[in-house]
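As the structure is a computational prediction, the values presented were derived from the model and not from experiment. So you know, we letter chains A, B, ... as the sequences are listed, proteins then strands, and number each from 1.
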Amino acid sequence: MSSRRQYPFHLIEPKWQQHWDTQQTFKAWNPGEVLPAAHPFAVRHSLSGPVAVTQLPPKYYILDMFPYPSGAGLHVGHPEGYTATDILARYKRARGFNVLHPMGWDAFGLPAEQYAIKTGQHPRKTTEANVTTFKRQIQSLGFSYDWSREVDTTDPGYFKWTQWIFLQLYNAWFNPETNKAEPISTLKYPADCTTEEQKRAYRDSKRLAYVSEAPVNWCPELGTVLANEEVIDGKSEVGGFPVIRKPMRQWMLRITAYAEKLLNDLDGIDWSHSLKEMQRNWIGRSEGAEVDFEIADCGLRIAESGKRIRVFTTRPDTLFGATYMVLAPEHKLIDQILALATIKPHVNGEITAKTVNIVDASGKSVGIKPLAEAIEVARSQSLDLIQLSSVGEMAVCLLQDFGAFRFAQQELAKHGTDIIRYREEVAKKSDLERTELAKEKTGVFTGAYAINPVNGEKIPIWIADYVLATYGTGAIMAVPAHDERDWEVAKKFNLPTPPVVASPQMEAFKIDDRITRGWREVADPISRERIGYTLDGAPFVEEGVAVNSANSEISLNGLPTAEAKAKITSWLEAKGVGKKTINYKLRDWLFSRQRYWGEPFPIVWKDGHHSAVAAESLPLQPPDLTDFKPTSTGEPPLARAKDWVSLVDGSVRETNTMPQWAGSCWYYLRYLDARNGNAFCGKEAESYWMGTGGGKLKVEGSRLDTAAAQPATCNLQPVTPGVDLYVGGTEHAVLHLLYARFWHKVLFDLGHVSTPEPFFKLVNQGLILGEDGQKMSKSRGNVVNPDDILSEYGADAFRLYEMFMGPLEMVKPWNTKGVEGVYRFLGRVWRMFINDASETEFEQAETTADASKRGELLKLIQLDAAIKDVEATPAQLKTLHTAIKKVTEDLDAMRFNTAISALMVFTNEAMTWETKPVSVLRSFLQLLAPFAPHIAEELWDKLNGGRATSLVYAPWPAFDPALLVEDTLEIPVQVNGKLRDVIKIPATADNAAIEAAAKASEKVKLFIDGKTIKKLIIVPKKLVNIAVG
RNA sequence: GCCGGUGUGGCGAAAUGGCAGACGCACAGGACUUAAAAUCCUGGGACCAUAAAAAGUCGUGUGGGUUCGAGUCCCACCACCGGCACCA
């Protein structure tokens, strides 16, 4: 503040921001819109009136991740990406594109709601105030957004369509045959679905938006459930509160149906490698096999589903080494085991039900019969009728010898108490404890055994919480010799660890050697009989060669892992006890929240069934509340609004709301046609901005060139860019970006959008750290407020600095001194154009002038007398065209920092010119304009005597390579790779002349005289290297 | 542990396999000024040497390799940052 202002940015910046605003300079034109003839875009492209798609130039859609307008206001991280996209938007306008560059507000969210709970202030009020602040701050940076397309996710005109898209999901199913989403009306019902009730249940189970009663991530502190993606290390992403598992009725979105597409289509889009990897990891595809293990007969089979346990494994080749089995504590089979162990059976005469569903020992229903008849059936087989359960008049009865039943039940019951206790312990643990803290493996034996299908061995069934109920089948076969976790458990509980894979390097599969390879003889008689050896030391988890893996029908011995997998899998398939399977880590998206400040579901409930509200009745507005807390019964806050919830026909509204991600899943589509009241987006607008349609001009460097460079693996048909460039932070790698791709694909399948992928090219800006190199945070006190920087250095300097810090994608620390550097640069640019004396006069006038009149005083500032309308010298043209080339290439590659340095190089050079040709300065201002638009417009205006149209649509200067050709070349000469001299030589010199000149150099001679030249390299016009011996 | 990224002056950084450190910050010296600020000019990787210089040697995280030539390509390792993490 103490120093003199480099140039009057405080007047220039508001002046041009206002100018752009009133002229609607940055309005993007949709096909069919009426273009005023005077608009600079119309002038540039010779258009006016209603324009057809075919008349419009090619589009360029450049998008920022819209912000959540928090109470803290903008921080310097936000404008980093916004500046980058703004520079490119301005550049692309100059290159002749119709540029769509919008901004909006992701305004539903927890902070406003929590503030509301504390203060009673309605979240809408808080949100509106925050949006106002954000908008003011963003606008003060001079970004070229088309504000006529501003969206706000909390605006009923917006969330009407969020709800509408939800209904699209609700009314669709994923058809595996066509591999896409289809309207629910195309669903075919299985033969046993006959009644309306059955059909409804089937239909509801197939919808892309469905209701599920399952354990979910419940965060007591936030009073809501969270998606898997919102839980980090067992704590909520927002606030870091503990999260526990709790079964609740919730809305889910079937994103898993799209797992394969979400994975494969990454190949065709231009995202950073690491971001794609993050998505791939999150989707977590793994190939393996499902294998069925029969449960060893304990006399207690009761249902078909309980007869076998299905496991998932990625290493079916190790099946011969499975020595036990582990079920997740939540596995439903455990319930059956427990039920059997604890039921108090009624036998024969004790049964009171009128009818009986008889099941045999294998769990099959033998038939439903009146009680008397059922008893007769039992008597005829010398068995007992044991009642397992009853509903009303009907009982389910097992046909079995009661004595044997009681014995088996007692056996199970011995372990039953262990199981119950273990399950209770597990349930008490939070996710955090179950992962981070539970380093030591735990588990209990169930008392039951399974049969290994490859060798008929009886292996114990355990339950342990290191097996997750939600992945695969919730059950595994444990192969301790070849799996870290199984190894730990086996060691802890003294279970055998027979090896079935050997390292090929060690050739350990040569059985004779195995003892020296770390295998030792086992004492366990079962394993000894089968294998005779167990692995010592540590598990061998890599791929290798199968050993000890044979039965009378199949042998894997000697096969490398990949082949062994294939062989055993087809054997299992032939036997009908297994099949090749693909599993994903990705879970369905938990889509409901127990909150107020979100989109209400357009769903009503009646008699336990849900149905959609009519699309015509949308938007469904949330009720007005004064108390935003959940109800005392733990229901969501919407349940407080009794009038809102209850409808006249006796049905009630869904009281959950949608998560914050809903609004951001499709906002980029709303921008295309933001004020459309009849559709989420008009068809023509969608296909012009997102598709390949439209565009009469062939523009060099257009997106289509980029699309052509797609990798061969791309399987997107048709190849479409969608959003041409999307810039935002990595924090959305697996949340917003995965969800939005999912919604887009559903909309694509249903014919609402024309591209399978929404964001063709995506770039992550790197985090900006505080001056101390630490993450900016209030508690560290290192937060930089853009408003402070702006008032001291102006928006142009701020923009310039954000880009000059380093490559966009990199993490980099803020340094206010660096802002001064680029600010000084702008000062030099200013002085390159401006007459000193007139500026002094302006400054004096300004000190006395009325504040409102100061803008007018800019007129006092005169151009420097050295600026003349003369032909540029070759040297001046060379300086200019060097800059044009560098800035153009750097902008195409998003290298903003080096582009700015090229502008500095030009300025340093041009400052020294005695005469400055207008034409050269004009081109320079065009290069500068995307970076520092305000000063560029002001100087452009002065240079053109105040008569020119806005610089924004002036065609980008072309560079002429002919002007860059040098007469004299400076060629470095190396001897043995070390620089010894630089020779000057005419550009026309051929290699022989260069060689002669190099050898003639005195400095070079010192190093080559008296030595033999072994090799001589000449890179034409570049370099000479002489290798001597 | 797994996956990805990054290591270059005092600092932010730049360099199609071809003059390492462009551009900027900080710093030092000078000009202007009564003085300061601002501005303009000059300097600058380290070492060695010197009155000063020239010349020379070393130098892009570490160790190897390929090459006439490596910050850049290959192999092995180290450090930091980000993501995932009992995913069978």
* Taking only the side-chain heavy atoms of A:Gln6 (C-beta and beyond), determine which of B:rU39, B:rG12, B:rC86 contains the nearest atom. => B:rU39

* To do: Extract the stems that RNA chain B is part of, considering only consecutive pairing runs of at least three Watson-Crick or G-U wobble pairs, both distances under 3.5 Å.
  => B:1-7 with B:78-84, B:10-12 with B:23-25, B:27-31 with B:39-43, B:45-47 with B:56-58, B:61-65 with B:73-77

* Asked: Can you tell which of B:rC3, B:rC68, B:rA13 lies closest to the side chain of A:Lys812?
  -> B:rA13

Could you list, one pair per line, each protein nitrogen or oxygen that sits under 3.5 Å from a nitrogen or oxygen of nucleotides 16-21 of chain B, together with the distance?
unit_1, atom_1, unit_2, atom_2, d
B:rU16, O4, A:Lys1022, NZ, 3.2
B:rG18, N2, A:Gln974, OE1, 3.4
B:rG18, N2, A:Asn1025, ND2, 3.2

* Structure fact -> A:Met911 has its side chain closest, among B:rC40, B:rG12, B:rG4, to B:rC40

* To do: Sticking with atom P, work out how far B:rC81 lies from B:rU42, rounded to a whole angstrom.
  => 42 Å

What side-chain donor-acceptor pairs closer than 3.5 Å can you find for residues 879-891 of chain A, not counting sequence neighbours?
unit_1, atom_1, unit_2, atom_2, d
A:Thr879, OG1, A:Ala875, O, 3.0
A:His881, ND1, A:Asp960, N, 2.9
A:Thr882, OG1, A:Lys878, O, 2.6
A:Lys885, NZ, A:Glu889, OE2, 3.3
A:Lys886, NZ, A:Asp890, OD2, 3.4
A:Thr888, OG1, A:Ile884, O, 2.6
A:Thr888, OG1, A:Trp956, NE1, 3.0
A:Asp890, OD1, A:Arg895, NE, 2.9
A:Asp890, OD1, A:Arg895, NH2, 2.9
A:Asp890, OD2, A:Thr898, OG1, 2.8
A:Asp890, OD2, A:Ala899, N, 3.2

* To do: Please state whether the base of B:rC86 and the side chain of A:Lys441 form at least one donor-acceptor pair under 3.5 Å?
  => yes

* Which sits closer to the 5' end of RNA chain B, A:Arg315 or A:Val734, going by the nucleotide each is nearest to? -> A:Val734

* Asked: Does A:Met278 or A:Tyr584 map to a spot on RNA chain B nearer the 5' end, using the closest nucleotide for each?
  -> A:Met278

* Do the side-chain N or O atoms of A:Arg980 get closer than 4.0 angstrom to the phosphate oxygens (OP1, OP2) of B:rA55? -> no

* Structure fact -> Looking only at B:rC86, B:rA14, B:rC3, the nucleotide nearest the A:Asn281 side chain is B:rC3

* Passing option when A:Tyr801 is tested against A:Tyr823, A:Phe896, A:Trp814 for ring-ring contact (aromatic ring centres under 6.0 Å, His included) -> A:Trp814

* Give every residue pair that meets the salt bridge (charged side-chain N to carboxylate O under 4.0 Å, His left out) criterion with at least one member in residues 468-481 of chain A, sequence neighbours excluded. => none

* To do: May I ask you to say what A:Tyr801 touches in the nucleic acid, namely base, sugar-phosphate or nothing, with a heavy-atom cut-off under 4.0 Å?
  => nothing

* Can you give one letter per nucleotide of nucleotides 22-30 of chain B, 5' to 3': B if a protein heavy atom sits under 4.0 Å from the base, S if only from the sugar-phosphate, - if neither? -> BBSSS----

* **Any A:Ser286 side-chain N or O less than 4.0 Å from OP1/OP2 of B:rA88** => yes

* **Distance between C1' atoms of B:rA15 and B:rA76 (Å, rounded)** => 27 Å

* Structure fact -> Sequence neighbours excluded, the answer for salt bridge (Lys or Arg N to Asp or Glu O under 4.0 Å) partners of A:Lys817 is none

* Asked: Quick one: salt bridge (Lys or Arg N to Asp or Glu O under 4.0 Å) partners of A:Lys1021, sequence neighbours excluded?
  -> none

* Asked: Can you name the residues that form a side chain to side chain contact (heavy atoms under 4.5 Å, CB included) with A:Ala998, not counting sequence neighbours?
  -> A:Val973, A:Ile983, A:Val1024

* Does a side-chain heavy-atom distance below 4.5 Å link A:Glu543 with A:His482? -> no

* To do: Please list, chain by chain and in numerical order, all residues satisfying side chain to side chain contact (heavy atoms under 4.5 Å, CB included) with A:Asn976, sequence neighbours excluded.
  => A:Ala1027, A:Val1028

* **A:Asp864 vs A:Asp836 side-chain heavy atoms within contact, under 4.5 Å** => no

* Provide the distance between the two P atoms, one in B:rG45 and one in B:rA53, to the nearest whole Å. => 13 Å

* For A:Lys978, answer base if it contacts any base atom (sugar-phosphate contacts may also be present), sugar-phosphate if it contacts only those atoms, and nothing otherwise; contact means non-hydrogen atoms under 4.0 Å. => sugar-phosphate

* Which residues pass the side-chain hydrogen bond (donor to acceptor under 3.5 Å, both in side chains) test with A:Asp772, sequence neighbours left out? -> A:Asn782

* Could you classify B:rG9 for me, syn or anti, using a glycosidic angle within 90° of 0 as syn? => syn

* By ring-ring contact (aromatic ring centres under 6.0 Å, His included), which residues pair with A:Trp913, not counting sequence neighbours? -> A:Phe906

* To do: Using the test salt bridge (Lys or Arg N to Asp or Glu O under 4.0 Å), find all partners of A:Arg780 that sit at least two apart in sequence or belong to another chain.
  => none

* Asked: Does A:Arg831 put a side-chain nitrogen or oxygen below 4.0 Å from OP1 or OP2 of B:rA38?
  -> no

